[in-house]
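Just so we're clear, the structure is a prediction, and the values are computed from it rather than from any experiment.
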Amino acid sequence: MKRLKAVLAVGLAVGLAVLVVRTLWWPFVYDAALIRYANFLMAHHLTPYRDIQDYNLPGSYFFDWLVTHTLGVSALAWRAYDLLLLTLAGIAMYRIARPYSRFAGLFAAMLFACFHARDGVEQSGQRDLLIVVLVLVGLALAAQSGRRTLRIALYRCGGDGQAYGHRCAAAAVAASRG
């Protein structure tokens, strides 16, 4: 069984590395470009919801502003942000699953990243991914508090996570089951 786990982990890691390299040059499109444009207009003294017709909440603007002012305005900077979010999600999944099975946490993290890359360029740096990462980090912190707290957090994520994105509850539960 250990050999099978090692083969699966190495195979998935190699596939993930290839995906990361192949996606580094994804263009800057869809919602990310729309939010960036809204931030550009705000920098030129226009007000969201009054002067800019947009449906995004203020947190979307803030994180785009943060990426722009720390990593830059290029598509590669946005890709780095997306990969940072995937890394944080992976660390959180690993931390949740670690008491049960380290392999499960590692495998869940790599599989999550592969599924995200499979969704394509239009999902790069999406708000949904940010919310999923925040929920997973919260679950990882709850897991450190104890098993009862983790169950309550998983219950909450299962209910609230459906509103945030289909990956939240499934990824957290899969990672915690081991």
Side-chain angles (χ1 to χ4, degrees), residues 15-96 108-142 153-175:
L16 183 59
V18 169
L19 273 174
V20 167
V21 170
R22 291 191 60 166
T23 63
L24 282 179
W25 292 274
W26 274 356
F28 192 66
V29 295
Y30 299 109
D31 285 347
L34 176 68
I35 294 171
R36 177 71 47 90
Y37 181 64
N39 267 339
F40 169 80
L41 293 175
M42 285 190 288
H44 289 83
H45 309 293
L46 295 174
T47 306
Y49 318 119
R50 186 185 68 197
D51 303 325
I52 306 167
Q53 299 298 316
D54 193 14
Y55 55 84
N56 293 301
L57 296 176
S60 301
Y61 302 129
F62 171 72
F63 281 99
D64 180 79
W65 179 88
L66 195 62
V67 170
T68 303
H69 286 80
T70 57
L71 300 175
V73 296
S74 69
L76 185 60
W78 194 254
R79 191 71 192 121
Y81 168 68
D82 191 53
L83 293 173
L84 174 67
L85 288 178
L86 287 174
T87 302
L88 289 174
I91 291 169
M93 287 180 185
Y94 181 79
R95 298 284 300 203
I96 291 167
M110 289 190 294
L111 203 56
F112 181 82
C114 286
F115 283 148
H116 177 69
R118 179 213 58 194
D119 289 343
V121 65
E122 61 270 5
Q123 296 300 320
S124 180
Q126 281 289 331
R127 300 170 304 271
D128 295 350
L129 178 62
L130 173 65
I131 292 171
V132 167
V133 169
L134 294 174
V135 169
L136 284 171
V137 168
L139 288 173
L141 293 173
L154 282 172
Y155 176 76
R156 295 279 307 160
C157 178
D160 299 342
Q162 296 303 317
Y164 298 136
H166 63 281
R167 295 182 184 97
C168 171
V173 170

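- Of the inter-residue distances, the one linking Leu19 atom CG with Met110 atom CE reads 12.5 Å to the nearest 0.5 angstrom.
- Atom CD1 of Ile131 and atom CG of Leu85 lie 11.0 Å apart (nearest 0.5 Å).
- For the residue pair His45/Asp51, the side-chain donor-acceptor check at 3.5 Å is not satisfied.
- Listed for the Thr47 side chain is no donor-acceptor partner under 3.5 Å among the backbone atoms of Arg50.
- Classified by interplanar angle (parallel below 30°, tilted 30° to 60°, perpendicular above 60°), the ring pair Tyr37/Phe40 is parallel.
- Nearest heavy-atom pair across Arg95 and Ala140 is CB-CB, 4.1 Å.
- Of all heavy-atom pairs spanning Trp65 and Asn39, the tightest one is N-ND2, 3.2 Å.
- Across all non-hydrogen atoms, the minimal contact from Ile52 to Ala38 is CD1-O, 3.8 Å.
- Taking the six-membered ring where the residue is Trp, Tyr81 and Trp78 present tilted rings, their angle falling between 30° and 60°.
- Considering OG1 of Thr23 and CG of Asp82, their distance stands at 7.5 Å, rounded to 0.5 Å.
- The heavy-atom pair separating Met42 from Pro48 by the smallest distance is SD-CG, 3.1 Å.
- Summarising the geometry, atom NE2 belonging to His116 is positioned 13.5 Å from atom CG belonging to Leu111; distances are rounded to the nearest 0.5 Å.
- Pairing each heavy atom of Ala92 with each of Val137, the nearest pair is CB-N, 3.9 Å.
- Taking CG of Leu86 as the start and CD1 of Ile91 as the end, the distance is 11.0 Å to the nearest 0.5 Å.
- Scanning all heavy atoms of the two residues, the minimum distance from Leu66 to Thr70 falls at O-OG1, 2.7 Å.
- Leu76 places none of its side-chain heavy atoms less than 4.5 Å from the side chain of Leu71.
- Interatomic distance, Leu130 CG to Phe62 CZ, rounded to the nearest 0.5 Å: 10.0 Å.
- The main-chain N or O of Trp26 is never found under 3.5 Å from a side-chain atom of Arg79 such that the two would form a donor-acceptor pair.
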